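Contents: one structure, followed by commentary.
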Amino acid sequence: MRPAGLRSALLLVSSLLLLPGGLSAVPQSFSPSLRSGPGAAACRLSRAESERRCRAPGQPPGGALCHGRGRCDCGVCICHVSEPGVYFGPLCECHEWVCETYDGSTCAGHGKCDCGRCKCDEGWLGDACQYPANCDLTKKKSNQMCKNSQDIICSNAGTCHCGRCKCDNSDGNGLVYGKFCECDDRECIDDETEEICGGHGKCYCGNCYCQAGWHGDKCEFQCDITPWESKRRCTSPDGKVCSNRGICVCGECSCHDVDPTGDWGDIHGDTCECDERDCRAVYDRYSDDFCSGHGQCNCGRCDCKVGWYGKKCEHPRSCPLSMEESIRKCQGSATLPCSGRGKCECGKCTCYPPGDNRVYGKTCECDDRRCEDLDGVVCGGHGTCSCGRCVCEKGWFGTLCQHPRKCNLTEEHSNSLCESADGILCSGKGSCHCGKCLCSAEEWYISGEFCDCDDRDCDKHDGLICTGNGICSCGNCECWDGWNGNACEIWLGTEYP
């Protein structure tokens with residue numbers, strides 16, 4: 001048996017010698033005499049003639065030489081093998097991996113690949129040599145072999161021939177394929193552009209896999225943010241992209257779990273951080289038995305009712321107080337137990353977040369986070385915080401001590417800085433002081449740089465704006481560390497003590 005290298009060399013030589021004259025890249029009179037000079041290093045052909053012989057028939061000057069798969073050496077193609085597979089032929093036009101496959105095998109294992117076409121063994125037919133010439137199967141047995149996992153013959157996208165599916169190919173593009181014709185790449189064609197995946201992705205078995213920066217079922221939408229920004233928006237508090245429970249598409253997480261009703265699935269949240277399965281003693285997606293029936297599931301963590309504790313509220317806690325007495329003690333003069341900032345257990349409050357000394361008091365009534373602006377600066381750097389209220393230094397005033405009492409601006413200059421986009425001073429809902437708007441105290445909900453925001457637009461939970469766990473910033477809740485959700489109602493920090 002000849003070595004593989006020798007076989008390849010013989011194949012190249014034979015293909016050069018046997019190629020018909022009209023299609024040949026090398027004339028029949030080809031011989032080493034095309035080269036001359038010392039060491040036969042020079043080529044007697046002009047560059048144009050050399051390239052003509054290395055170019056496929058019908059290709060204009062400037063076209064790809066050797067089909068782009070090799071280099072032209074004095075009118076002869078030297079095929080390269082930098083890619084998987086083997087290129088061969090006088091013009092490197094053949095590639096052994098481009099033949100039809102069936103059930104994962106080239107030429108179905110019943111033939112040989114010859115320059116892109118299957119040469120079938122005796123007794124086998126078809127583009128991929130997948131059909132036996134003589135069938136000894138009954139029609140019932142044949143159809144049974146052609147059924148997919150849903151018991152549908154050739155997925156209703158082909159016909160059955162001797163236990164093998166022949167997929168529909170009326171338009172000749174071979175977009176329907178698979179052992180059971182289960183793959184239909186026509187599903188990837190964009191209706192408007194009529195291109196596969198809109199020209200911005202690859203189709204595999206009827207599904208588009210989009211290039212970076214594109215998304216949509218057919219890669220029809222372009223993402224207007226950078227990949228880095230997209231990843232940042234999808235990163236959950238624990239540093240994982242979509243909490244490893246979903247995929248990130250243009251800065252938004254698509255969680256792996258979707259409830260059949262269309263409501264929240266067991267996995268949800270802006271970064272798929274919530275997993276309600278963790279609240280069930282025995283997982284059953286259609287069961288409402290959360291937290292052993294003794295608590296509320298809050299983003300995958302159980303908030304136990306008074307008298308119960310445990311990861312899933314499975315343990316009863318002995319307490320001499322009734323539930324009403326316990327809640328009354330935790331509520332004090334506030335409207336909610338523990339002022340909505342803690343957990344009530346047997347008449348005592350545990351303030352959230354655990355270990356954060358900014359929230360304190362018998363009923364968690366003091367929240368020094370309220371003294372901080374969005375950048376975390378306490379009382380604007382011009383005061384001290386006392387139980388959630390700023391005590392300003394001399395010469396400063398405002399909720400966050402953000403306004404100086406003295407101003408070196410002229411009234412005209414000051415007012416020009418307070419005009420909103422429509423030219424109205426502080427949107428008509430406040431007064432101007434030293435280039436800053438002082439929003440009306442009578443309308444507590446008015447806020448914003450130009451008094452153009454309405455804090456009533458912020459989401460509420462238990463009657464509290466942002467649940468008391470964040471700052472309302474122009475209609476949107478900016479949650480403090482450890483909290484999440486539209487109303488900052490979801491605790492994502494450490495386990496409750």
Side-chain angles (χ1 to χ4, degrees), residues 56 67 69 83-89 93-211 214-220 247 256 258 260:
H67 285 84
R69 298 167 178 165
E83 298 181 32
V86 177
Y87 293 115
F88 57 94
E93 71 273 23
C94 301
H95 185 201
E96 66 176 15
W97 279 13
V98 297
C99 278
E100 295 286 337
T101 62
Y102 177 79
D103 197 18
S105 298
T106 300
C107 302
H110 303 298
K112 294 181 180 179
C113 185
D114 183 13
C115 198
R117 293 182 179 274
C118 287
K119 286 192 174 181
C120 302
D121 297 337
E122 186 176 353
W124 291 90
L125 307 170
D127 293 339
C129 305
Q130 70 271 45
Y131 306 119
N134 299 307
C135 184
D136 56 0
L137 298 177
T138 64
K139 186 174 182 180
K140 182 178 181 181
K141 178 66 175 176
S142 174
N143 287 342
Q144 189 65 35
M145 292 173 64
C146 286
K147 289 182 178 180
N148 63 14
S149 57
Q150 285 78 42
D151 283 337
I152 301 174
I153 295 176
C154 298
S155 307
N156 284 337
T159 54
C160 185
H161 295 266
C162 199
R164 291 166 174 81
C165 288
K166 185 176 183 180
C167 303
D168 295 338
N169 191 25
S170 56
D171 48 10
N173 55 21
L175 293 179
V176 182
Y177 56 96
K179 184 177 181 179
F180 302 105
C181 305
E182 70 275 13
C183 295
D184 188 350
D185 284 358
R186 294 173 298 186
E187 297 292 331
C188 293
I189 298 176
D190 187 281
D191 295 332
E192 294 184 4
T193 65
E194 296 185 352
E195 291 185 272
I196 296 287
C197 301
H200 305 297
K202 299 289 186 182
C203 185
Y204 177 73
C205 204
N207 295 293
C208 282
Y209 293 83
C210 305
Q211 298 171 356
W214 293 86
H215 64 103
D217 291 339
K218 297 177 181 177
C219 307
E220 67 271 36
I247 58 174
H256 290 321
V258 178

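The chain is numbered in sequence order, starting from 1. Since this is a predicted model, take the numbers as computed values, not measurements.
In terms of heavy-atom proximity, Asp190 sits nearest to Glu192 at OD1-N, 2.8 Å. When all heavy atoms are compared, the tightest approach of Tyr209 to Tyr204 is CE1-CB, 3.9 Å. Taking both residues in full, the closest heavy atoms of Ile153 and Cys160 are given as CG2-CB, 4.1 Å, listed atom of the first, atom of the second, then distance.
Ser155 OG to Asn148 CG: the interatomic distance, rounded to the nearest 0.5 Å, is 4.0 Å. Here the straight-line distance linking atom SG of Cys203 with atom CD1 of Ile196 works out to 5.5 Å at 0.5 Å rounding. Within the model, atoms CD of Gln130 and CZ of Arg164 stand 8.5 Å from one another, a figure rounded to the nearest 0.5 Å. Distance CD/Glu187 to CG/Asn207: 9.0 Å, rounded to 0.5 Å. For the atom pair Cys146 SG and Ile152 CD1, the distance stands at 13.5 Å (nearest 0.5 Å). Interatomic distance, Leu175 CG to Asp168 CG, rounded to the nearest 0.5 Å: 11.5 Å.
Dense packing is recorded around NZ of Lys147, with more than 12 heavy atoms of other residues, nucleotides or ligands lying under 6.0 Å away. More than 12 heavy atoms of other residues, nucleotides or ligands sit less than 6.0 Å from atom CG of Asn143.
For the side chain to side chain contact (heavy atoms under 4.5 Å, CB included) criterion with Cys129, the lone passing option out of Cys113, Cys107, Ser105 is Cys107.
A donor-acceptor contact shorter than 3.5 Å links the side chain of Asp185 to the backbone of Gly206.
Cys197 does not pair with Cys210 as a disulfide, the SG atoms being 2.5 Å or more apart. Cys181 has its SG atom at least 2.5 Å from the SG atom of Cys165.
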Stepwise disulfide (SG to SG under 2.5 Å) test for Cys183 and Cys205:
CA-CA 4 Å; Cys183 295; Cys205 204; 1.9 Å; yes

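Annotation: side chain of Lys218 is in contact with side chain of Asp191 (closest heavy-atom distance under 4.5 Å). Proximity of Lys141 to Met145: side-chain heavy atoms (C-beta onward) are separated by under 4.5 Å at one or more points.
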